[in-house]
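Okay, so here's the structure we're looking at.
Just so it is clear, the values below take in all heavy atoms, side chains as well, and ignore hydrogens, waters and symmetry mates. Counting convention: from 1, in listed order, for ligands and their atoms alike.
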Amino acid sequence: MPDLDLPLLPLPTRADPADATAPRLLILYTGGTVGMALNRSNELVPMKFGRIDHKMPDLARLPLRLAMLSLPAPIDSSNVMPADWLYWAQLIGRHYPDFDGFVILHGTDTMAYSAAALSYVLKHLGKPVVFTGAQVPVGASRSDAQRNLVTALEIAAARHSRARTVRVPEVCVFFNDVLIRGTRAKKVESHQFAAFKSENYPPLARAGIGLEFDDKSIRPLPAARLQVHTRLETAVAVLRLFPGITVAAVRAILGIPGLRGCVLETYGSGNAPTAPWFLNCLAEARQRGVWLLNVSQCEEGRVVQGKYETSSYFAEMGIIGGDDITTEAAVTKLMFVLGLDVSEARTRELLSQDLRGEITP
Ligand code: ASP
């Protein structure tokens, strides 16, 4: 496990460091465009942030106590691996008692996967963990970095006005004025500022002049203490169907040695070919104990196995319908559930259930 003793850098703000009533937040910088600059070949590469507050003067105006943890080697989020998720989860677990909320600065490319993964790994989360980043690096003109970070911090500090309880005890993504549940986020834009969409679920909050929370869509505070999981199964794959996909392509993926789970990206409400060779490939994979999770390629709607003849064989084969889950939340759900190494019956139950708001049962 990488270093859990990274030095905490306090950031000066308007709050008195001795004022115990000012929310205390931790920023974890992992990389991404937010902290990138051009290298000699004119490519954007992640930089080490010395003092983020030097580039974001608005931070000093916040009535919050802020500290920052920077990973020793920040990365483009295209390089994120499951081991990184487990490391960040451990860092959060380590600092959990000392902070009221966490903001993770992360690249946008795989932010939806990371947010979903942390949603599963951080069980019984009672404090906000807000992912954010930027489409334009901090320091560049028209950067969205400061705006995204400042509002993400305000969300992480938010409390219900009377009870003073935590407002968003969830892993979520805040980007371009919209707060999205971590298991419902999808990157949909690479050029505009509105990079993320909340798929099949309402946004948890919107930021305008003020913050408007949709409290009924936000998970309640957990009754148990935080549990940080330490294992993810990486022997998983995604098989995206398209008309004309060959037996060789399907075999190559479902036949990966040691494969334990695969997301089947099917058509419409979860439909797939009925050709005997295709059914044989699925049946063989199931016989080898590969878990198959049926996820629709559609952005809206849900999987209803058995609605058409082209999906009626799935249930019989033990293929699990993913309801309205996203591929990002499905891949990471397979990693999480298969990483638990529980009985077959329990695995089936967990894969079918809503664990972290990733499906609408
Ligand atoms: N390639 C970058 C990353 O995901 C893109 C971004 O941050 O917007 O790290």
Side-chain angles (χ1 to χ4, degrees), residues 2 6 27-50 52 55-56 59 68-89 91-92 102-119 121 129-153 155-156 171-199 203 207 232 238 326-329 331-332 335:
L6 297 177
I27 302 169
L28 172 62
Y29 170 57
T30 68
T33 294
V34 60
M36 286 192 185
L38 292 173
N39 66 8
R40 286 208 191 103
S41 320
N42 222 24
E43 299 151 340
L44 280 169
V45 289
M47 305 297 289
K48 285 192 183 177
F49 265 135
I52 192 184
K55 301 208 171 199
M56 298 192 189
L59 294 183
M68 182 160 162
L69 272 185
S70 281
L71 294 189
I75 50 176
D76 185 302
S77 77
S78 300
N79 284 318
V80 164
M81 298 293 283
D84 295 309
W85 299 330
L86 295 175
Y87 176 37
W88 306 339
L91 284 173
I92 288 172
F102 302 83
V103 171
I104 303 184
L105 284 171
H106 189 288
T108 58
D109 287 348
T110 61
M111 192 185 288
Y113 288 89
S114 295
L118 260 72
S119 305
V121 167
V129 173
V130 187
F131 278 81
T132 196
Q135 294 283 60
V136 178
V138 67
S141 55
R142 301 183 60 250
S143 170
D144 48 341
Q146 175 165 267
R147 185 166 156 212
N148 283 343
L149 177 58
V150 165
T151 311
L153 288 165
I155 288 168
V171 177
C172 37
V173 167
F174 177 76
F175 214 90
N176 195 51
D177 296 342
V178 185
L179 184 70
I180 302 169
R181 170 168 294 161
T183 51
R184 296 287 188 161
K186 185 171 275 287
K187 183 171 180 183
V188 290
E189 244 311 334
S190 58
H191 279 66
Q192 305 296 324
F193 285 123
F196 289 89
K197 174 182 167 184
S198 182
E199 202 163 294
L232 289 168
V238 178
T326 62
T327 295
E328 291 85 336
V331 170
T332 47
M335 289 179 172

Worksheet entry | Any donor-acceptor N/O pair, Asp144 side chain to Val136 backbone, under 3.5 Å | yes
Discussion item. Donor-acceptor check, side chain of Asp76 to backbone of Asn79, threshold 3.5 angstrom: yes or no?
Written reply: no
Worksheet item: Are Lys187 and Thr108 linked by a side-chain donor-acceptor pair shorter than 3.5 Å?
Response: yes
Worksheet item: So, Thr30 and His106: side-chain donor and acceptor under 3.5 Å apart, yes or no?
Response: no
Practice prompt. Please confirm whether Pro46 comes under 4.0 Å of ligand 1, counting heavy atoms of the residue only.
Written response: no
Identify the closest protein heavy atom to [atom]: which residue and atom is it, and at what distance?
atom	result
atom 9 (O) of ligand 1	Ser77 N, 2.7 Å
atom 8 (O) of ligand 1	Thr108 OG1, 2.4 Å
atom 1 (N) of ligand 1	Asp109 OD2, 2.8 Å
atom 5 (C) of ligand 1	Thr33 OG1, 3.1 Å

Practice prompt. Flag the pair Trp85 / Leu118 as yes when at least one side-chain heavy-atom distance between them is below 4.5 Å, and no otherwise.
Written response: yes
Worksheet item: Which ligand 1 atoms does Gln135 reach within 4.0 Å, using its non-hydrogen atoms?
Response: 8 (O)
Fill in: Atoms in ligand 1 flagged as close to Gly32, the criterion being non-hydrogen separation under 4.0 Å
7 (O), 9 (O)
